[in-house]
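Nothing fancy with the numbering, it's 1 onward along the sequence. Keep in mind that this is a model prediction, so the values were computed, not measured.
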Amino acid sequence: MLLVPNLSDTGGVPYYIQLYDYLKKEIISGSLPTGTRLPSIRIMAAQLQLSTTPVELAYQQLLSEGFIVSRPRSGYYVQQVHGLGGTAAEPDRPPLPVRSITPRDSRTYPYDFHISRNDFSLFPDKIWRSLYQEQLANPDLLQYGDPQGEPALRESIAAHLRQFRGLRCTAEQVVIGGDQYTLCSLLALLLQEKAMKLAIENPGYHLLPAAFQRHGFQILPLQLQEDGLDVTQLYASGANCVYISPSHQFPRGMVMPIANRLALLEWARRNSSYIIEDDYDGEFRYHGRPIPALQGLLEDSPVIYMCSFAQSLAPALCIHYMVLPKSLVPDYHSLKSELYLEHSASRLNQIALHYFMERGHFAKHLRRMRLVYQRKHDLLLSAIQRNFGEKAAVHGQGAGFHILLTLHSGGSARQLAEKAAAAGIRVTPMSYTWWSRPEHDEPEFILGFGGIAEERIEEGIRRLAGVWDKGLEATAF
């Protein structure tokens, strides 16, 4: 039986967050068993003497994270959160074929749905310039810095992650690098004697597995299910490390349900393995609260958390970071001494960023940019609906900086992308995200909305539909 929580109007925490936190703890602890039917939104609101809005927001957040499921005309029910996969022997695997890649395109497009461009028109340049100039006045900052990253910035990052992404970490676990490859290579060296078989999501993002493969790791691509990576396949693969993007999978966009997250942590515990969590766009969710990071679900979890300020602030700052499990921190310091590592991210940018965060500018900038990207996200979805209708489907919406557009017919993705490019519209075929299927050329496209001007979104999609119209046929799901 569900006890009505005692919500407080003091402390500044919104009612929906209090209700969400209460129900989440009850589900994880088992106090609300699997299959329990929650009170309807109307009944719960009456019991709490609230409007229905806070209850609906709390239920939607639990739904998005996989704690509950909605059954039409029936209600909300608690999901299983302790399901575990079995084990199996490692299968024989043939050598991996060459992966498909997307060549860099330096052309300028009037309608540019680039997957990696963001909107920097609102970058707080005056504030940043002032903070940067403050650091130039300190000659000590022109010396070599801490290879692990400036201690002050590591403290700011750890505090931010604890508050906004739900991590359990300290500054001592944070390692800062100037680019993703540097951190991936360091991580590969740290794991070489512990885990040489890396499972990855397929399709997915290739930088980390490609770097690991260069360091001698065996890469084991696992086919995604509707709700993401299948932990049962992970057991069967024989992998002893896995790389995932659980909060907004790239490129499919699904959120890993809580049951799968806990099963994944159990897999790591049973096999003394590590999970590499890529939280590339975790700060940007447009409906409900951001999905908490996997790393924070377990004290001293075996999760290596990776993120950067490229999406949230600007890639030109060249500040990326990872959060190591406590068990890997001594190994990092040994590697640092062995290789005479030096700092790879600008000390001036690091200290400027520390003050940018400490003085509240970063949190304010994030709030502002979420609104900007939410408008673009919503404009893109409505434009696709108006111009494509039943001819296409959208996946992965609600977060991040891209959506996945799948045409129900139309032929080769490469040919369709070339037609669009000839009309001044850039779209990216999804085929390059497959690790081992270079022949895969179905009409699926990644459309980025971060960098395109709001006033060009509707016209760009209208023109795109027109260019592709001859090859499209309205097809039901």
Side-chain angles (χ1 to χ4, degrees), residues 90-102 147-148 173-224 228-231 233-246 249-251 256 264-265 267-268 271-280 293-295 301-308 310 320-325 327-329 331-332 334-336 338-339 341 344 432-438:
E90 176 187 351
D92 293 331
R93 292 182 176 272
L96 289 175
V98 177
R99 301 186 311 282
S100 56
I101 60 173
T102 297
Q148 189 174 348
Q173 295 169 255
V174 178
V175 178
I176 296 171
D179 62 76
Q180 290 177 296
Y181 178 76
T182 296
L183 292 179
C184 291
S185 294
L186 280 175
L187 188 55
L189 293 174
L190 284 174
L191 296 179
Q192 271 184 339
E193 296 180 2
K194 306 176 187 296
M196 290 297 292
K197 296 180 179 179
L198 176 70
I200 64 169
E201 299 168 319
N202 192 33
Y205 185 59
H206 292 171
L207 188 151
L208 184 140
F212 271 55
Q213 188 176 56
R214 287 287 183 175
H215 283 281
F217 282 70
Q218 181 182 357
I219 307 302
L220 307 172
L222 301 182
Q223 196 83 359
L224 292 174
L229 185 139
D230 183 356
V231 180
Q233 285 188 43
L234 183 58
Y235 274 99
S237 72
N240 44 27
C241 189
V242 61
Y243 170 59
I244 59 168
S245 48
Q249 199 276 335
F250 179 84
M256 178 177 278
L264 187 61
L265 289 168
W267 167 84
N271 293 279
S272 299
S273 301
Y274 289 97
I275 302 165
I276 304 171
E277 176 180 12
D278 188 342
D279 198 34
Y280 68 103
L294 173 68
Q295 193 268 6
S301 69
V303 176
I304 300 155
Y305 177 91
M306 304 195 76
C307 198
S308 81
H320 302 252
Y321 60 91
M322 61 182 174
V323 178
L324 298 175
S327 61
L328 285 180
V329 172
D331 295 335
Y332 167 77
S334 296
L335 185 66
K336 178 178 68 176
E338 177 188 346
L339 298 181
L341 294 178
S344 60
Y432 87 96
T433 64
W434 291 96
W435 180 264
S436 54
R437 290 178 62 183

Side-chain donor-acceptor distances from residues 188-195 under 3.5 Å, at least two apart:
unit_1, atom_1, unit_2, atom_2, d
Q192, NE2, H215, O, 3.1
K194, NZ, D331, OD2, 3.1

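Shortest non-hydrogen contact noted between W267 and C241 is CH2-N, 3.8 Å. I244 and M256 get closest at one heavy-atom pair: CD1-CE, 4.3 Å. A pairwise comparison of heavy atoms in I176 and S344 identifies O-OG, 4.3 Å as the closest pair.
In terms of modelled atom types and a separation under 3.5 Å, the side chain of S308 and the main chain of H320 share no donor-acceptor contact. Checking side-chain atoms of N240 against main-chain N and O of K197 turns up a donor-acceptor pair under 3.5 Å.
The side-chain heavy atoms of I304 and L324, taken from C-beta on, include a pair separated by under 4.5 Å. When side chains are defined from C-beta on, Y205 does not count as touching S245, because their heavy atoms never get closer than 4.5 Å. Residues Y305 and L294 form no side-chain contact, since every pair of their non-hydrogen atoms from C-beta on lies 4.5 Å or further apart.
Among residues two or more places apart in sequence or in another chain, the salt bridge (Lys or Arg N to Asp or Glu O under 4.0 Å) test is passed with D278 by none. For P147, the side chain to side chain contact (heavy atoms under 4.5 Å, CB included) test picks out Y332, K336, L341, with sequence neighbours left out.
Using modelled atom types, one finds no donor on one side chain facing an acceptor on the other under 3.5 Å when comparing Q180 with Y280.
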